[in-house]
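Single-structure report; data block below.
Residue numbers start from 1 in every chain, and the chains themselves are labelled A, B, ... in the order their sequence lines are given, proteins ahead of strands.
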2 protein chains.
Amino acid sequence: MMTKKDKLMCEAKAKVLKALAHPTRLWMAEQLADGERCVCEFANMVDADFSTISKHLTVLKQAGIVEYDKRGKQVFYRLKVPCVLKFMSCVEAVIKSEVKEQAALIE
Amino acid sequence: MMTKKDKLMCEAKAKVLKALAHPTRLWMAEQLADGERCVCEFANMVDADFSTISKHLTVLKQAGIVEYDKRGKQVFYRLKVPCVLKFMSCVEAVIKSEVKEQAALIE
DNA sequence: TGAACATATGCCAATATAACCAAATGTTGT
DNA sequence: ACAACATTTGGTTATATTGGCATATGTTCA
């Protein structure tokens, strides 16, 4: 049975996953594995409006994945819970498994 | 720079994450850690329309997270890449970190 | 063959997300 | 105080997701 407690817990977890479940946000989170970045750096690296990038970072912030630091005019974001990226090797395994199957179908 | 290749890769990964980023789907995936389940079992465990459950399972299937097996009238789903659940301990760490911070604010 | 059952699919309405532009906020240096 | 800059916020529109209902498909058993 999916209890009320289960539901609440899964909603909380889903929120975190959802935050990472966007190509741009995921990419930015991965970049932060190398250390903090300011919003302006992302603006140069990603092809999207400045405000769009800012909003994506806000989503990551609200999910508890990143934290930030205002220094002067700039805002620096960094990973708060770096383990989120360790998961990516598994996600890649899922993708590889799919690709393999599709390749097998073509044969 | 977020290259075209980066983008494609992140889109693929995001698709997998997105599939898990729904409370009901996440819960169902977690249940499958204990072994396969048929759709009818989920129907008894989750408070949602049968068709809704079926659709959620289809999303997990298309993301490559689960696979199924038709046996008689029933369809059994099981985890295809079990490591996806290992990530949950990290997701829980994110949540705990948030809860702690909020608790600290109240003090 | 036909009834009973398990699951999937199509359609639709409600809601959530994403992106851009324009405008607001906050900071630094003059 | 003002101009220049970095970032956030609000408004709007386009698109995607979700969930339920009704319907279709496929299987078993009599």
Please state whether the base of C/dG10 and the side chain of B/K55 form at least one donor-acceptor pair under 3.5 Å? yes
Between C1' of D/dA16 and NE2 of A/H22, the distance in whole Å: 11 Å
Looking at C/dA8, I'd like to know if its phosphate oxygens (OP1 or OP2) sit under 4.0 Å from a side-chain N or O belonging to B/S54. yes
Length of the NZ-P vector between A/K61 and D/dT8, whole Å: 11 Å
Looking at C/dC20, I'd like to know if its phosphate oxygens (OP1 or OP2) sit under 4.0 Å from a side-chain N or O belonging to A/S51. no
Can you measure B/D69 atom CG to C/dT7 atom C1' for me and round it to whole angstrom units? 14 Å
Considering just the side-chain nitrogens and oxygens of A/K70, establish if one lies under 4.0 Å of OP1 or OP2 belonging to D/dT8. no
Please report the distance, rounded to the nearest Å, between CG in B/D49 and C1' in D/dG19. 8 Å
Electrostatic pair B/E98-A/K15, nearest N-O below 4.0 angstrom: no
Enclosure of A/Y68 OH (heavy-atom neighbours >12, cutoff 6.0 Å): no
To the side chain of B/K73, which of D/dT28, D/dG20, C/dA8 is closest? D/dT28
Audit row: A/I53, A/M28, side chain to side chain contact (heavy atoms under 4.5 Å, CB included) steps and yes/no: CA-CA 9 Å; A/I53 291 167; A/M28 294 197 294; 4.0 Å; yes
Atom CE of B/M28 to atom P of D/dT18: distance rounded to whole Å? 11 Å
Would you mind telling me which residue lines up with the more 5' stretch of DNA chain C, A/R71 or A/A21, judged by nearest nucleotide? A/A21
Sorted by position of nearest nucleotide on DNA chain D, 5' first, the leading residue of A/Q74 and A/K18 is A/Q74
With rounding to the nearest 0.5 Å, note down the distance linking NZ in A/K80 to OG in B/S97. 4.0 Å
Roughly how many Å is it from NZ in B/K7 to C1' in C/dA18, rounded to a whole number? 13 Å
B/K15 NZ to D/dT17 C1': how many Å, rounded? 15 Å
Mind checking whether A/H22 and A/H56 have parallel, tilted or perpendicular rings, split at 30° and 60°? tilted
Categorize A/R25 for me: base, sugar-phosphate, or nothing, with a 4.0 angstrom heavy-atom threshold over every strand shown. sugar-phosphate
Classify the nucleic acid contact of A/Y77 as base, sugar-phosphate or nothing, counting any heavy atom under 4.0 Å across all strands shown. sugar-phosphate
Could you state the atom-to-atom distance from NE2 of B/H56 to P of C/dA8 in whole Å? 13 Å
If you check every side-chain atom of A/V39, which of C/dC20, D/dT7, C/dT7 has the closest atom? D/dT7
